[in-house]
There are 2 protein chains.
Amino acid sequence: MNVLIVEDDPLHRSYLNEAVRLALPECDQVLEAEDGSMGERLAREHRLERIVMDLQMSPRNGIEAARTIWRERPETRILFWSNYADEANVRGISRIVPDGAAYGYVLKSASDERLRLALRSIFIEAQCVIDREVRGMQQRSLGRLQGFTETEYEVLVDIALGLTDRVIAKRRNLSLRSVQNRLQQIYEKLGVYDRADAGAEARYNFRSRAVTEAFLRKLLNQTTLERAEQDLQEWLRRHARLLDDPKG
Amino acid sequence: MNVLIVEDDPLHRSYLNEAVRLALPECDQVLEAEDGSMGERLAREHRLERIVMDLQMSPRNGIEAARTIWRERPETRILFWSNYADEANVRGISRIVPDGAAYGYVLKSASDERLRLALRSIFIEAQCVIDREVRGMQQRSLGRLQGFTETEYEVLVDIALGLTDRVIAKRRNLSLRSVQNRLQQIYEKLGVYDRADAGAEARYNFRSRAVTEAFLRKLLNQTTLERAEQDLQEWLRRHARLLDDPKG
DNA sequence: CTCTGTCCTGCGGGAAACCGCATCTGATCT
DNA sequence: AGATCAGATGCGGTTTCCCGCAGGACAGAG
């Protein structure tokens, strides 16, 4: 049984190596990769099915790497090990995990024992293990208690990409007015209106303020946007003629 | 001679501790703090004048902590130890460093020897040591070769805060048209126009796209914006009446 | 001195954003 | 069946953004 560690920080890498060897005595070999690309290559060449993956890496980060690895071998078991539990990462992962795949999400601040249990549960028992903090965020996010609807989130990504209301309407198959209604709800949920009351008659540009709020709350991150940018470009190529129609 | 380490990651903390003891045998005691607030408190209570500081921490990050520490004792020597050399951090630090203070900026990817040299240079010789990568960014940033003018950067921050052109004009003492000119230059430098040519007649909302570009290029980060937000609120309180004037 | 480049300013207009009001659908609960 | 609530849509109007055109202030090079 072999395990692959994908982590750019040398200290964390050796810590993980040690943790894996202690938690999995039945493990024969522990391989290491310094970034996502190398991780993909090693996983492919050695047919590795157990991976511990850091999320924030460059040039190719954990989600991208996991995406291609899972596309090649959906039964691969991946334990994500990350500093933060931001919504963008949680959403990103839950989108790419194949049906029935065993995976996990453990924070770097977790104790050695938590990490050990996660390693054994995922790699031996093929169970899914997700840290409580992350799970709570998942609930809030998907349960829309205080989070965003799926369409609202899509619209949020679109305005971050710099799209016009009309283009968003085209793309999401909504009317112009519906998009604007989504926007107003987004503004409310992000609390962009709060200070409008306070400071006299000061009006704000809600659209760009919403984008920064989304970044600060970690609803958006680099990975999400780069992927969304690619999707957008492809959509543009395929539906360019729609945008030429002047009356929408 | 005492040294304070402010770093939230336990692994990096113990690595730094080891590095400090090896590089500075004349050091009597090495204290550790897990976040910015604790760092400030320890520095104040123990009158520590040599600090190794991580940048990205929560709840209170390195720049904020360094700001208050330097305000209390400007002669404190601080070595910033960070993962990245993004423009927001470099700008942020160069704003708060007192005249004549000895400080340094070393990347976490630097070799042990580089770190050792920096520790001795700053804490013993009171020299400034800044990694080559960071220095290069400083040049580009301040030398405006490809970077931003100071006013352009201010306007960029303002639109990220969600301000209206008119409010920005008031705040920066510019005419409305000048602000819009700054904006157009920002859009060009951020490359927001590129895709406007490509995709047929597709028009974009440059303002919000510029905000995300600034985030992705790490021109903006959480610290910068939170500080800017505070400044903005104070300015609003003091100049509320200016905004009431309808004709600007 | 003149030329040139950079920065600031005003005018004007087309396009988009922001938003209140009203209608219609569909799903859920009692 | 009736009530209720969330979501989608259209209309109309105000505000803001985006930007081409044109002119003035100011500094440095020839």
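Throughout, a chain's letter reflects where its sequence line sits, starting with A, and its residues are numbered from 1.
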Can you classify the ring geometry of Tyr105(A) versus Phe80(A) as parallel (below 30°), tilted (30 to 60°) or perpendicular (above 60°)?
tilted

Geometric class of the Trp70(B)/Tyr103(B) ring pair [parallel <30°, tilted 30-60°, perpendicular >60°]:
perpendicular

Let me know the distance between [atom1] of [X] and [atom2] of [N], rounded to the nearest Å.
X	N	atom1	atom2	answer
Ile159(B)	dA17(C)	CD1	C1'	15 Å
Leu174(B)	dG24(D)	CG	C1'	16 Å
Arg172(B)	dC7(C)	CZ	C1'	17 Å
Glu154(B)	dC7(C)	CD	P	15 Å
Asn181(A)	dC21(C)	CG	P	13 Å

Side-chain donor-acceptor contact under 3.5 Å, Thr223(A) with Glu64(A):
no

When you compare the side chains of Gln180(B) and Gln184(B), does any donor N or O come within less than 3.5 Å of an acceptor on the partner?
no

Ignoring hydrogens and geometry beyond distance, is the side chain of Arg177(A) in donor-acceptor contact with the base of dG7(D) at under 3.5 Å?
no

Using a cut-off of strictly less than 4.0 Å, decide whether Ser175(B) has a side-chain nitrogen or oxygen near OP1 or OP2 of dC8(C).
no

Do Lys108(B) and Asp9(A) meet the salt-bridge criterion of a basic N to acidic O distance under 4.0 Å?
no

Electrostatic pair Glu229(B):Arg209(A) at N-O distance under 4.0 angstrom
yes

What residues form a salt bridge (charged side-chain N to carboxylate O under 4.0 Å, His left out) with Glu154(A), not counting sequence neighbours?
Arg172(A)

How bent is the helix from dC1(C)-dG30(D) to dT30(C)-dA1(D), measuring the angle between the end axes built from five pairs each, rounded to 10°?
30°

Protein heavy-atom contacts under 4.0 Å, written 5' to 3' over nucleotides 13-18 of chain D as B (base), S (sugar-phosphate only) or - (none), form the string ---SSB

Okay, side chain of Ser175(B), backbone of Arg177(B): is any donor-acceptor separation there less than 3.5 Å?
yes

